[in-house]
2 protein chains.
Amino acid sequence: MKDQKELVREINERKIIEAAEHVFACYGFKGATTEKISKQSALPKANIHYYFKTKANLYHQVLAGILSEWMDSAQAFDNQEEPRQALTQYVVSKMEFSRLRPYASKVWANEMLHGAPIVSEFLETTLKNWLDDRVEVIQGWIDSDKMSAVDPIVFIYMIWSVTQHYADFERQMTLLNSGKSFTDEEYKIKTEQVVKLVLTSVGL
Amino acid sequence: MKDQKELVREINERKIIEAAEHVFACYGFKGATTEKISKQSALPKANIHYYFKTKANLYHQVLAGILSEWMDSAQAFDNQEEPRQALTQYVVSKMEFSRLRPYASKVWANEMLHGAPIVSEFLETTLKNWLDDRVEVIQGWIDSDKMSAVDPIVFIYMIWSVTQHYADFERQMTLLNSGKSFTDEEYKIKTEQVVKLVLTSVGL
DNA sequence: GTCTATACGTTGATAGAC
DNA sequence: GTCTATCAACGTATAGAC
């Protein structure tokens with residue numbers, strides 16, 4: 001049984017990581033101050049350093065959490081054998097991630113924009129392996145005439161970009177929508193449209 | 001005829017804006033320091049302030065330049081009457097922009113990620129008008145059965161995201177390509193693939 | 001117009017009382 | 001483990017010599 005202090009530590013670390021993800025997403029690594037994170041988490045600034053030692057370390061841990069979630073949602077691709085079902089499920093899962101975890105997506109985008117200094121290794125190993133495998137699966141579908149012949153990499157990048165756009169460029173979309181965010185119902189329809197475009201683009 | 005000093009001013013301002021675009025793209029607004037910009041432009045730090053007064057003002061001017069280029073490339077959409085030609089030209093033009101001006105695209109993406117504090121007004125007015133007009137054009141094509149019935153907005157967002165991805169996520173693509181950037185020839189092929197996917201997605 | 005030296009504010013991090 | 005007070009480093013901006 002966990003003692004009191006351990007429990008407090010867990011709760012506070014979670015609070016801080018959530019707050020940090022929010023602040024890093026909104027201001028970037030440099031623009032995010034430990035004071036902003038402390039206010040967002042409703043915890044004193046010194047506690048941020050007590051729990052995470054440095055801002056850089058906190059950022060690392062935020063990214064680690066995002067990577068682990070990213071890999072989870074990547075599994076949606078493999079739950080189905082047929083391209084139509086697999087791609088639908090994957091796109092829907094990516095769109096849900098953008099809807100539910102926009103800050104995570106933005107932190108990720110920010111890290112990429114600025115040269116991926118922290119997650120380079122993950123990209124070169126885990127993600128590259130995942131991508132290579134998925135390219136093979138797609139190539140298999142193409143070879144057995146289940147979808148049209150396209151460059152699988154270009155196709156996957158299209159799925160990533162179009163789905164992540166709904167998180168990363170949320171602000172642009174809202175401003176172009178007369179300042180109104182999409183309702184859940186609207187977002188559901190947008191998701192269906194995205195699925196349709198993606199499937200149609202490869203003849204499904 | 002311009003005198004010597006005016007010429008020097010023009011040349012230096014251009015140098016600084018180019019350097020600033022590069023540095024803002026790589027480090028974000030906060031992460032970009034006037035010292036980095038001064039080194040990148042090979043001009044003393046004090047001159048940055050002499051020409052642009054504040055870092056914020058310099059950032060404004062960098063964004064203004066990007067907006068103006070953005071509107072130029074937007075015209076590619078209107079050079080053709082038929083959807084196939086218009087969309088092809090537009091996608092190619094967006095892909096070229098990502099290839100030739102990756103830093104501009106990244107500064108833009110960064111501004112969006114962090115809530116578009118500077119360009120909100122442009123988005124709500126100029127860009128919103130442009131978008132509304134293009135939505136009408138696309139709806140016209142749909143109504144006259146020249147392309148399949150899709151949500152024009154979702155479709156345009158797809159074009160934006162997939163083309164801009166090649167600039168903003170350049171680093172991710174390079175790392176997933178065994179550390180090698182795309183050659184001009186490879187990029188040309190990728191562009192053709194993107195055009196094909198976009199056209200096919202709406203039945204063209 | 002150019003550039004060195006510096007003032008001032010901000011921020012990451014810690015010491016030390018509780 | 002919590003939190004206030006404070007330091008040291010950095011970065012923007014400017015003053016003033018050339």
Side-chain angles (χ1 to χ4, degrees), chain A residues 1-64 107 110-111 114 117-118, chain B residues 1-63 107 110-111 114-115 117-118:
Chain A
M1 186 181 163
K2 284 170 188 167
D3 68 13
Q4 190 69 20
K5 289 189 174 177
E6 214 172 322
L7 196 66
V8 168
R9 166 174 280 270
E10 262 181 42
I11 290 170
N12 284 351
E13 284 186 352
R14 174 107 315 267
K15 270 193 201 167
I16 293 168
I17 285 188
E18 269 174 35
E21 185 179 281
H22 185 147
V23 175
F24 283 133
C26 294
Y27 301 96
F29 178 74
K30 259 286 187 177
T33 65
T34 48
E35 199 187 352
K36 282 198 183 102
I37 295 170
S38 82
K39 283 195 176 136
Q40 182 70 31
S41 64
L43 253 49
K45 190 172 76 153
N47 290 31
I48 311 292
H49 289 96
Y50 172 69
Y51 284 117
F52 291 92
K53 201 70 187 169
T54 67
K55 178 173 138 178
N57 181 48
L58 173 55
Y59 180 66
H60 274 66
Q61 301 217 26
V62 168
L63 274 178
V107 170
N110 209 59
E111 170 75 3
H114 302 143
I118 311 300
Chain B
M1 184 182 165
K2 282 169 187 167
D3 68 11
Q4 190 68 21
K5 289 188 173 175
E6 213 170 320
L7 195 67
V8 168
R9 167 173 280 271
E10 263 181 42
I11 290 170
N12 284 350
E13 284 187 351
R14 174 107 318 265
K15 271 194 203 166
I16 293 167
I17 285 189
E18 269 174 36
E21 185 180 281
H22 185 145
V23 175
F24 283 133
C26 294
Y27 301 95
F29 178 74
K30 259 285 187 178
T33 66
T34 48
E35 198 188 352
K36 282 198 183 103
I37 295 170
S38 82
K39 285 200 173 131
Q40 181 72 30
S41 64
L43 253 51
K45 191 171 74 155
N47 290 31
I48 311 293
H49 289 96
Y50 172 68
Y51 284 118
F52 291 94
K53 203 69 188 167
T54 67
K55 175 174 142 179
N57 181 47
L58 174 55
Y59 180 68
H60 274 67
Q61 301 216 26
V62 167
L63 274 178
V107 171
N110 210 59
E111 170 76 5
H114 302 142
I118 311 298

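Only a predicted model underlies this, so the values are computations on that prediction, with no experimental measurement involved. Values below: every heavy atom of this structure, side chains too, minus hydrogens, waters and symmetry copies. Chain letters run A, B, ... following the sequence lines, proteins first and then strands; every chain starts at 1.
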Touch class at under 4.0 angstrom, heavy-atom based, for B/Lys30 against every strand present: sugar-phosphate
Atom-to-atom span, NZ of B/Lys15 to C1' of C/dG1 - whole angstrom: 14 Å
Short side-chain N/O contact from A/Asn47 to OP1 or OP2 of D/dC3, under 4.0 Å: yes
d(CG, B/Leu58; C1', D/dG11) in whole Å: 15 Å
Touch class at under 4.0 angstrom, heavy-atom based, for A/Asn57 against every strand present: nothing
CA sep, side-chain torsions, deciding dist, call: A/Ile37, A/Thr33, side chain to side chain contact (heavy atoms under 4.5 Å, CB included): CA-CA 6 Å; A/Ile37 295 170; A/Thr33 65; over 6 Å; no
Nearest-neighbour nucleotide for the A/Tyr50 side chain, C/dT2, D/dG1, D/dG11 considered: D/dG1
From C/dT2, D/dA13, D/dA15, nucleotide with atom closest to B/Ala46 side chain: D/dA15
Length of the line joining B/Glu10:CD and C/dG1:C1', which is rounded to integer Å: 16 Å
Any N/O donor-acceptor pair, A/Lys45 side-chain to C/dG12 base, under 3.5 Å: yes
Sugar-phosphate only, base, or nothing, as touched by A/Phe52 at under 4.0 Å among non-hydrogen atoms: nothing
Sugar-phosphate, base or nothing in reach of B/Ala32, heavy atoms under 4.0 Å: sugar-phosphate
Contact under 4.0 Å: B/Asn12 side-chain N or O vs C/dG1 OP1/OP2: no
B/Glu35 CD - D/dT12 C1' separation (whole Å): 11 Å
Value in whole Å for how far the C1' atom of D/dA13 lies from NZ of B/Lys36: 18 Å
Backbone of B/Phe29 reached by a side-chain donor or acceptor of B/Lys55 within 3.5 Å: yes
Phosphate-side-chain proximity, B/Tyr51 and C/dG1, N/O vs OP1/OP2 below 4.0 Å: no
Side chain of A/Thr33 - closest among C/dT14, D/dA13, C/dG12: C/dG12
Distance in angstrom units between B/Ile48 CD1 and D/dG11 P, rounded: 15 Å
Between P of C/dG1 and CG of B/Leu43, the distance in whole Å: 12 Å
Length of the line joining A/Lys55:NZ and C/dT10:P, which is rounded to integer Å: 16 Å
B/Thr34 side chain near D/dT12 phosphate (N/O to OP1/OP2, under 4.0 Å): yes
Step-by-step side chain to side chain contact (heavy atoms under 4.5 Å, CB included) determination, A/Leu43 to A/Ser38: CA-CA 5 Å; A/Leu43 253 49; A/Ser38 82; 5.6 Å; no
Parallel, tilted or perpendicular: ring planes of B/Phe24 versus B/Tyr59, cut at 30 and 60 degrees: perpendicular
Any donor-acceptor N/O pair, B/Glu111 side chain to B/Ile118 backbone, under 3.5 Å: yes
Side chain of B/His49 (C-beta onward), nearest among C/dA13, C/dT2, D/dT12: D/dT12
